[in-house]
Amino acid sequence: METASLSGLARLISNRCPPPSSENARDFSKKMVSKTEEEQVNRLEIQVENGGGGAWEYLCLVRKLKLRRSDRVLKFGLSILNDPKKRSNLGPEEWTLYEEVAVAAMDCQCLDVAKDCTKILQNKFPGSNRVGRLEAMLLEAKGSWEEAEKAYLSLLEENPLDQVIHKRKTAMAKAQGNIPQAVECLNKYLEIFMADHDAWRELAEIYMSLQMYKQAAFCYEELILAQPTVPLYHLAYADVLYTLGGLENLQIAKKYYSSAVELTGGKNTRALFGICLCSFAIGQLTKGRNKEDKENSELQSLSALALEKEYKQRNPSKNALLTATLKSLKLSS
Amino acid sequence: MAEDLVLDTAIRDWVLIPLSVVMVLIGVLRYFVSKLMRSSSVPDPKIVKEGQVIIRARNLRAAANFIPAKSFRSRKAYYSNEENGLLHVPKGQAQNAQAQMFSDPNMAMDMMKKNLSMIIPQTLTFAWVNFFFSGFVAAKIPFPLTQRFRSMLQNGIDLSTVDVSYVSSRSWYFLNLFGLRGLFSLILGEENATDDTQRMMQMSGFGFDPSKSLGAEKDGLDIVQHEWALPKFEQRAEAVLRKLVS
């Protein structure tokens, strides 16, 4: 029963509004960049695209916000690097740009460009840890895992507390499809750097993919502790608890869905559906003995109403689907 | 009478300007020497971990009400149980930390290097100024000052009748010593190593004892009362939705 309604839910949500440009939408939702910053980046991007200048500002902003827009970074970065006058205007920032472009090139599989950038940096800073890291990443991008692993290990020997290298090792294990090793790597990393919430988030997502929901729940608790006002974590935690099932978990899940609703001002469709589904599941489990149902049913019907209103406003064509779903949850009015 | 006092231009050429130039050059030199001597210290994993534990425990304390009671209790036990909790510091070890810090030769060496690069040039330049330029009136500032400034501006001249706006050479040295920071940050970049006050702060923070803050964090965690905030959120969500729907 649960799986059926869940997949219906997934279809509903994914059909509702096609994401404007899936890649951008993803990197914003993942990195949590504020709305104004997002607008600024997009404006700059269009400006540079149309030859309005400001490429360097755009690159700085992308680096600052840690966005992943490798194709454009590569394009704009190269346009600066290939112009000797523009390049010399940067002064010492030139080397930072080389690094940024090298990483972007690896991401785009332009290995020649990445190789050239790394070589230039290697000549400028021989024996540098940071360039060594770049070289290892280049090996990684080529797919020669063993050599990359060796390079990372030798870098770690010099500086055993290099966070980036630990993270790279995890990413490498994940890229090879060796998920258990990635988990092990991340756990080892988190043993020391236990306040790094990005790592906790990654671990939570890996556990989710492995269907180890209890472990994932722990990670999401850790994330909620680190940033209690981010609704995404409340939502994800509720999802995990709902998936785990059981009366107690469902009740807790419902509470976290409501907190997500409260934190987003009722704008989060998934949280609204979550409340409906939780209430329904709780109702199923406590069928014979409904004592406390009365007070909770209000929240449930309210969220159903909110959903109906939102669908009517934003996507009337899917209204029938919603009504059917709500009817199956015995919520339709 | 003060107006009568005329400073020889030779004083300007042979005292004021050389003194300033020498101070700047010494500052730059010191920057490069300390850059050479700076050893890239590898941080101790244990200390890094302790710092991270403290951050995590602080998060737990601040946001305890956002996780279910069961999760909070298990975390609390994990941090502060008496056997192997993360925040628990064994009795004997706490005393040792300080002694251990001083017995570590690397750390003592580091401190000495820092001290040497700061104290030696200062002593030398002070001796040099004292020897060659003692008792000079090196400059005159263009505005009058009250008597209180006499000890600051006329160090080394024991005449109470000289107008306070005249600056003695030794005072000029001190003014340069403390006043050139802005210039250095222009020449050497923002994070130059000649910032004396910052270094003083580092020195005082040197005796920082991580085990003490671990203990403090443990005490803080022990008195946290867990009161789950989420049940309230159901009502609040209801209110939000009611406003939205209506």
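So you know, we letter chains A, B, ... as the sequences are listed, proteins then strands, and number each from 1.
- In this structure, no portion of A:Y220 lies under 4.5 Å from any heavy atom of chain B.
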Please walk me through it: do A:I252 and B:L230 pass side chain to side chain contact (heavy atoms under 4.5 Å, CB included)?
CA-CA 8 Å; A:I252 299 175; B:L230 266 294; over 6 Å; no
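- The two atoms that bring A:E262 and B:A237 nearest to each other are CG-N, 4.0 Å, heavy atoms only.
- Most heavy-atom pairs under 4.5 Å with chain B: of the set A:G266, A:S259, A:A217, this distinction falls to A:S259.
- Interatomic distance, CG of B:N59 versus CG of A:L225, reported as 7.0 Å (0.5 Å rounding).
- Looking at heavy atoms from C-beta onward, A:L305 lies out of side-chain contact with B:L241 at the 4.5 angstrom threshold.
- Environment of CD in B:E227: sparse, with no more than 12 heavy atoms of neighbouring residues, nucleotides or ligands closer than 6.0 Å.
- Other residues, nucleotides and ligands contribute over 12 non-hydrogen atoms within 6.0 Å of the NZ atom of A:K167.
- Looking at A:H234, the atoms closer than 4.5 Å to chain B (heavy atoms on both sides) all sit in the side chain, from C-beta outward.
- The two residues A:F193 and B:V48 have their closest heavy-atom pair at CE2-CG1, 3.8 Å.
- Between B:F66 atom CZ and A:L223 atom CG the span is 14.5 Å, to the nearest 0.5 Å.
- Shown here is B:W228, whose CH2 atom has more than 12 heavy atoms of other residues, nucleotides or ligands within 6.0 Å.
- The CD1 atom of A:I275 sits 9.0 Å away from atom CD of B:E238, with the distance rounded to the nearest 0.5 Å.
- Residue B:R61: no heavy atom, backbone or side chain, is found under 4.5 Å from chain A.
- Rounding to the nearest 0.5 angstrom, the gap separating the CD atom in A:E222 from the CG atom in B:L60 is 8.0 Å.
- Heavy atoms closer than 4.5 Å to chain B are found nowhere in A:Y257, neither backbone nor side chain.
- For the atom pair OG (A:S258) and CZ (B:R236), the distance works out to 11.0 Å, reported to the nearest 0.5 Å.
- Among A:K309, A:M194, A:E191, the residue making the largest number of heavy-atom pairs under 4.5 Å with chain B is A:M194.
- By the 4.5 Å heavy-atom criterion applied to side chains, B:F233 and A:V261 are not counted as neighbours.
- Within the model, atoms CG of A:D196 and CD of B:Q52 stand 7.0 Å from one another, a figure rounded to the nearest 0.5 Å.
- In this structure, A:L302 and B:V245 approach most closely via the heavy-atom pair O-CG2, 3.9 Å.
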